[in-house]
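Here is the structure we will look at.
If you read the sequence from its start, that first residue is 1, and numbering goes on from there.
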Amino acid sequence: MRFYEFNSLKPQKPLTPAQARIKSLKDQAKRAQAAVKAERARQKIQAGQRELTKVESTKKMTSNSFKAQYKMNNPYSSWMTAGTYRNFNDALAAALRKKKAGAIVVRVEDGAKMVIYSS
């Protein structure tokens with residue numbers, strides 16, 4: 001700041017007790033609104049985590065097999081099964097081996113016939 005800018009700033013007078021109380025109440029209301037917003041976000045995250053856990057636990061029970069499938073010649077041909085596996089990692093490894101061997105499209109399907117991986 002330059003020297004002449006200091007002269008243009010007016011010193012603020014202290015607030016009266018009534019003004020200070022109003023300012024304090026306004027600040028308190030803003031803090032309360034922020035706390036409510038944060039609590040709603042926390043509850044939303046917690047509900048989402050519960051839902052995710054619920055979905056994952058039911059998925060583990062229903063899908064105990066995974067199919068690795070591929071299409072060799074063109075994307076319009078039918079899916080051919082490379083094998084059925086008890087865990088996702090083995091099925092994925094088989095699908096990626098087929099991809100490396102020249103398959104055009106590969107995918108991994110769970111027991112409920114939902115596509116878990118596609119490439």
For the side chain of S24 and the backbone of A20, is there at least one donor-acceptor N/O pair under 3.5 Å apart?
no

With sequence neighbours left out, the residues meeting side chain to side chain contact (heavy atoms under 4.5 Å, CB included) with N89 are N87

Y85 to A94 - nearest heavy-atom pair and separation:
OH-CB, 3.2 Å

Going by salt bridge (Lys or Arg N to Asp or Glu O under 4.0 Å), name the pairs with one or both residues in residues 36-46, residues two or more places apart or in two chains.
E39-R42

Quick one: does any side-chain atom of Q19 pair with a main-chain N or O of T16 as donor and acceptor, under 3.5 Å?
yes

Yes or no on side-chain contact (heavy atoms from CB on, under 4.5 Å) for Q69 and E109, after CA distance, side-chain angles and deciding distance?
CA-CA 8 Å; Q69 299 177 330; E109 208 177 68; 3.7 Å; yes

Distance from R50 atom CZ to L52 atom CG, nearest 0.5 Å?
12.0 Å

With K23, which residues qualify under salt bridge (Lys or Arg N to Asp or Glu O under 4.0 Å), at least two apart?
D27

For a quick test of reading the model, state the closest non-hydrogen atom pair linking A95 to A68 and the distance between them.
N-CB, 4.0 Å

Grouping ILVMFWY residues whenever side-chain heavy atoms fall under 4.5 Å, the cluster of I104 otherwise contains W79, V105

Identify each donor-acceptor pair in which a side-chain atom of residues 111-119 lies under 3.5 Å from a protein atom, sequence neighbours left out, and give them as a table.
none

Report yes if the side chains of F66 and D90 come closer than 4.5 Å at any heavy-atom pair, otherwise no.
no

Contacts of A103 that satisfy side chain to side chain contact (heavy atoms under 4.5 Å, CB included) - sequence neighbours left out
Y70, M72, K98, V106

